[in-house]
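One structure is given here, and the rest of the page talks about it.
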Amino acid sequence: MITPCTAQAETGSDRDLLGLYYDPQELTVTSTTRSPRPLSRSAENITVISADEIEAMNAHTLADVIAIVPGVQVTGNTAPGSNTATEFAGATTQFIQILIDGVPIDDQVENMALASMVPVQIIERVEVLKGPASSSWGSSLGGIVNVITKEPALHAPFSGAASFSGGENGTRDGRGELSGTVGNLGYYLSGGNLQSNGFHPFNATENNNAYAKLRWNLADKGSLRLTLNSMETSPQVGLITYADYSDRFKLHILQSTLAFDYTLTDRLSFNVMIKGTRYDYSKINNTISTSERFATITNDEKTSGGTAILTWRQGLHTLTGGVEFDHGQSKTKLDYPLYSYKDKIYATNDKWGFFLNDTIAWERLTVTPAVRYDMTSQTGNFFSPSIGATVDITGKTLLRAYAARGYNLPVLTPGYSNKDTGWTVQAGLETTEIPFLWFKGTWFRHEFKERGDTVTRTLREGFEIEARTTPLYNTWLTAGYVFTDAKNLETDEDINTVARQTWDLGVHYDDKTIRGSLVGYYRDWNTPRSWGGKYNNFIWDLNLGWRFFRNNNAEAELFATGHNLFDGNQYHDEIFKNPSRWFEGGLRIKW
């Protein structure tokens, strides 16, 4: 194993099956095939972030977590929980699907998901897959962020955690977790509130969340799992002076799943899941100069569906096949009183997806072919193939190559029926041949056909470099660099808002009592001068923690973070100015 991370398989039955075919020490991911596969046998460009790493960041939301991944840009992060957008090497938010345990939180109307409304305390690990992931997940031309939530604690009837932090400008974050197993029933419960007055005028935000997972274990053969997830965000986007209006909105997502995992034989496992999601969205714009209501937009969405997956392991092969169905409907109301304009838009979309992939593992070579066929009532059908391979050439050096075709659904509005489509080719190397150093390099080429009124061919091409030292005296270093050349192939002009160069640097310390990290990032945005962006500075954050109490059953930690220590500017649009230097701190207790 050459990756420095650690993680867990999804369930006990998954771990048992994996143990028959793979080294149990290998880090597993589920984003590539929708069943556990060792990361070292995955040809895709994947980054895994564990719960321990998230805790060391003193992060508030998923947006804070993925912002540290090289090649990932999070924009609009003007306060904890604020309205953010995500970009993978030039593929913007609409191209990226965010999933919680395999269920999208993107809306249907615009294919948008807010990473800033996902609380970090529910996260066991995050898997970030860059490039088309349509052969497994359907509409996801730019990639996916898959959040795997925490499981009920196995060896205690009652355990939990609580934390509270406070900072400048009324920023406060309170969270609580309870977890345990009684007999065959396991439970995990979480809730929290995050709010801030913001760091600019009209930039306040508040998030509320509650999450519950109940698992009934079926005597080593499988389990029945019920989840309920409620997330609400109400950020103020700010004063948009050039357009003479202010913007605020409120979004509530209520999501529930009922899943059945069962081991049919020692080689065959089965999973079926029923899922439902409800979105309530409202947006209000007021005119700044006259304080009149400019616009009121509401959207009510309902999605229901299910997934069935079979995984079969035999000889060299691990085959995963499945079918997925979603029925979605949305009702949008538009009201512009200054223009005496009102409209209602009602749209539905039925989606069927059939997918099959194989992991052919022969000694140090792994080949991973995959296909998916999607049928949609709104925009027709699409075929998504992919092929990848990994070769472990020395036991310490891994080569990767991957090619895939993908697509993205258009906005769910009558009249928009053309999908975005594209291809990716990627190749890379991961090695620990150099003593005390883990190194990963990836070259990528994403060519898209983006469809609006006319087809626009675009190209995003570049490379990524990541490095990390092994701990020495409890101290290690991290670094990442990404170069992206993003062009409109019709005009040969650069694509705006793409970060051409990004740097991520960090020094970390953890002796199990004292921990700390100093992390910095720099983004060289390509934006027009008229946007008023400023991005000449590295932004440095300092995270500290002191575990001042610990026994067999409990521990307590004081933690603090200094944001933007050197008061730098790093924003691509003057509407979304990053906060100046500010501080926060808190207390975390586990038992």
Side-chain angles (χ1 to χ4, degrees), residues 29-39 41-46 88-89 91 95-97 99 102 104 111 127-144 146 307-312 316-326 351-362 365-376 378-391 399-410 418-428 442-451 455 457-461:
V29 294
T30 58
S31 298
T32 53
T33 61
R34 305 187 64 158
S35 65
R37 174 202 283 173
L39 181 57
R41 296 183 183 273
S42 299
E44 299 85 352
N45 185 9
I46 303 173
F88 289 4
F95 295 116
I96 298 163
Q97 193 172 154
L99 309 136
N111 295 320
E127 298 175 3
V128 177
L129 190 160
K130 287 171 272 189
S134 297
S135 61
S136 289
W137 300 99
S139 176
S140 53
L141 189 55
I144 63 165
N146 192 15
T307 306
I309 300 174
L310 269 175
T311 299
W312 179 61
L316 305 178
H317 299 269
T318 301
L319 274 167
T320 300
V323 59
E324 189 166 35
F325 171 72
D326 285 294
K351 298 181 291 183
W352 284 93
F354 304 89
F355 55 91
L356 178 66
N357 57 68
D358 194 5
T359 302
I360 307 168
W362 181 66
L365 172 67
T366 304
V367 181
T368 53
V371 291
R372 175 167 171 138
Y373 190 72
D374 285 288
M375 300 185 298
T376 71
Q378 185 74 221
T379 54
N381 308 332
F382 195 81
F383 177 61
S384 307
S386 70
I387 181 77
T390 65
V391 184
L399 300 180
R400 289 190 166 96
Y402 178 68
R405 181 176 184 241
Y407 77 98
N408 224 60
L409 290 172
N418 293 321
K419 296 179 282 291
D420 303 309
T421 61
W423 279 92
T424 186
V425 181
Q426 304 177 30
T442 303
W443 167 82
F444 60 87
R445 178 186 171 89
H446 308 315
E447 186 167 342
F448 294 169
K449 290 182 179 178
E450 301 179 35
R451 299 173 187 271
V455 176
R457 293 172 58 239
T458 59
L459 174 67
R460 297 157 178 84
E461 187 174 26

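Sequence positions, counted from 1, serve as the residue numbers for this chain.
Interatomic distance, CD1 of I46 versus OH of Y402, reported as 9.0 Å (0.5 Å rounding). Here the CH2 atom belonging to W423 is positioned 9.5 Å from the OG atom belonging to S386, to the nearest 0.5 angstrom. Considering CG of L99 and CD1 of I144, their distance stands at 5.5 Å, rounded to 0.5 Å. Remark: D358 CG to T368 OG1 distance equals 9.0 Å, nearest 0.5 Å. Atom NZ of K351 and atom CD of E324 lie 8.0 Å apart (nearest 0.5 Å). One finds the OG1 atom of T307 at 7.0 Å from the CG atom of D326 (value rounded to the nearest 0.5 Å).
N111 and L409 get closest at one heavy-atom pair: ND2-O, 2.5 Å. Nearest approach of P132 to A404, heavy atoms of both residues: O-CB, 4.1 Å. Shown here for P385 and S135, the closest heavy-atom pair between the two residues is C-CB, 4.4 Å. Summarising the geometry of R405 relative to F383, their closest heavy-atom pair is NH1-O, 2.8 Å, with the distance given to 0.1 Å. Pairing each heavy atom of S139 with each of Q97, the nearest pair is O-NE2, 2.6 Å. When all heavy atoms of S140 and N408 are compared, the closest pair comes out as N-OD1, 3.6 Å.
Under a 3.5 Å cut-off, the side chain of N45 and the backbone N or O of K130 do not form any donor-acceptor pair. Formation of a donor-acceptor pair under 3.5 Å by the K449 side chain with backbone atoms of V455 is not found in this model. Between the side chain of T33 and the main chain of S35, a donor-acceptor pair closer than 3.5 Å is present. At least one donor-acceptor pair under 3.5 Å links the side chain of R400 to the backbone N or O of S42. A donor-acceptor pair is defined here as one N or O able to donate and one able to accept, closer than 3.5 Å; such a pair exists between the side chain of T376 and the backbone of G380. Remark: side-chain polar atoms of T366 are not paired, donor with acceptor, to backbone N or O of W362 under 3.5 angstrom. Side-chain atoms of T320 never come within 3.5 Å of backbone atoms of N357 as a donor-acceptor pair (strictly under, hydrogens ignored). Not a single donor-acceptor pair under 3.5 Å links the side chain of R457 to the backbone N or O of E447. Between the side chain of R372 and the backbone N or O of S136 there is at least one donor-acceptor pair closer than 3.5 Å.
Listed by chain and number, the residues in a ring-ring contact (aromatic ring centres under 6.0 Å, His included) with W352 are F325 (sequence neighbours excluded).
Taking the charged nitrogens against the carboxylate oxygens, R37 and E127 have no contact shorter than 4.0 Å, which rules out a salt bridge.
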Practice task
Begin with the C-alpha distance, continue with both residues' side-chain angles, and end with the deciding distance and a verdict on side-chain contact (heavy atoms from CB on, under 4.5 Å) for V425 and W443.
Solution key: CA-CA 8 Å; V425 181; W443 167 82; 3.9 Å; yes
Exercise for the section: Please report the C-alpha distance between L365 and I360 in whole Å, then the side-chain angles of each, then the deciding distance to 0.1 Å, and finally whether the side-chain contact (heavy atoms from CB on, under 4.5 Å) criterion is met. Expected result: CA-CA 8 Å; L365 172 67; I360 307 168; over 6 Å; no
Problem - Test log, rule side-chain hydrogen bond (donor to acceptor under 3.5 Å, both in side chains), inputs T424 and Q426 - result: CA-CA 7 Å; T424 186; Q426 304 177 30; 3.3 Å; yes
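Partner of Y407 under the ring pair (Phe, Tyr, Trp, His ring centres under 6.0 Å) criterion, chosen from F448, F95, F382: F382.
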